[in-house]
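These notes are about the structure you will find just below.
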Amino acid sequence: MRILIALGGNAIKQEKETGTKEEQIHNVDVTAQQIARILAADPTRQIVLTHGNGPQAGNLALQQDLGRTGGIPAQPWDIVGAMTQGQIGYMFQNRLQTRLAQLNIHTPCISLINQVLVDKNDRQFQGENASKPVGNFLSEEEAMQMRREKGWIVKCVKPSAAKPWRRVVPSPDPISNVEAETIRGLIERGVIVIASGGGGIPVISDEAGGFTGVEAVIDKDLAGQRLASAVGADVLMILTDVPAAIINYGKPNAQALGTVRLAEMEQYQREGHFAPGSMGPKVEACLRHVRATGHKAIITSLDKAVDALAGAAGTHIVA
Ligand code: ADP
Ligand code: MG
């Protein structure tokens, strides 16, 4: 069985942490132990990993800004994405190798710099449609200055905050994984691959078949589904900080979902049970996976991953 695991930001940095190496290595190590347990439970399983990069990319973007005063040019968003793939990929590669070796599992493990194709005509690139907040919070004055000087799209995203503005970048729908063939080849050879980190580096294609990086951020769950499809994954498993998808979320009649058929989940989606930018893209990614493959998709928390694969926890979306 081939399993695509998509890891949320909390697998790398917890909400209240600043993001030191020690903190992040610790969190990645806890995650690596879970993944090692998944493999130990059934050594015929093949694993492909993807992960978010929100806090890391945010910090790195801030460093880019601070570096300007020392005359170091700030790197744009596609480069920042590539840098975080290296940073986070290294941590997972290192901890996974260690935890697997302790269980006497010697499956090789590699992380890749990985591009994801988007459409240059995606609505998110048009006008002020961009919707993904990135980087630090700004005062109105700072926001207007960045708009004037750099042409940033800025939006007032948290009206109650002292600094309510943030830069927003387009979040286009991923079309396909550019390095899909190479990744598939590695998996066929039994390698654990870490790819499409942070949703992948967004690129658009030119007439000659080449690619150009763009300033955008792709949702990691939607990009994870494209990777699942590229590698022929049986199961798409999205691990986050809640054990299940919930209907009537936050209300007295909230109800965690167990096994749900495709049509029923589509109905809940239409009724607006899954918030945009958080549970929404996870559910959409799962629906796409089940529609495309007829196989299963799972949403659960990191600590329930082993149980969920045994059918004993999480939300299971089936055909
Ligand atoms: P990740 O970093 O794993 O992508 P997100 O914060 O993007 O995590 O998404 C998980 C969050 O989605 C949960 O912590 C929860 O607050 C929120 N959420 C919104 N709607 C729902 C829902 N219907 N069911 C469960 N969680 C929901
Ligand atoms: Mg998310």
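Order of listing sets the numbers, starting from 1, for every ligand and every atom in it. Predicted model only: the values in this text are computed from it and were never measured.
Residue contacts with ligand 1, taken as heavy atom pairs separated by less than 4.0 Å, involve I246 via backbone and side-chain atoms alike.
The protein heavy-atom contact nearest to atom 2 (O) of ligand 1 is G9 N, 3.1 Å. Protein heavy atom closest to atom 7 (O) of ligand 1, with residue, atom name and distance, is S278 CA, 3.5 Å. Nearest protein neighbour of atom 8 (O) of ligand 1, counting heavy atoms only, is T240 OG1, 3.2 Å. With hydrogens left out, the protein atom closest to atom 16 (O) of ligand 1 is Y249 OH, 2.8 Å, a heavy atom. Nearest protein neighbour of atom 1 (P) of ligand 1, counting heavy atoms only, is K282 NZ, 3.4 Å.
Ion pairing between R147 and E142 fails under the 4.0 Å rule for side-chain N and carboxylate O. A salt bridge is defined here as a Lys NZ or Arg NE, NH1 or NH2 lying under 4.0 Å from an Asp or Glu carboxylate O, and R270 with E266 fails to meet this definition. Of the charged side-chain nitrogens involved, none lies within less than 4.0 Å of a carboxylate oxygen, so that R226 and D221 do not count as a salt-bridged pair. Using a 4.0 Å cut-off between charged nitrogen and carboxylate oxygen, R2 and D234 do not count as a salt-bridge pair.
Within ligand 1, counting atoms from 1 as listed, the ones closer than 4.0 Å to a heavy atom of F274 are 23 (N). Of all atoms in ligand 1, numbered sequentially from 1 with element shown, those under 4.0 Å from a heavy atom of G8 are 1 (P), 2 (O), 3 (O).
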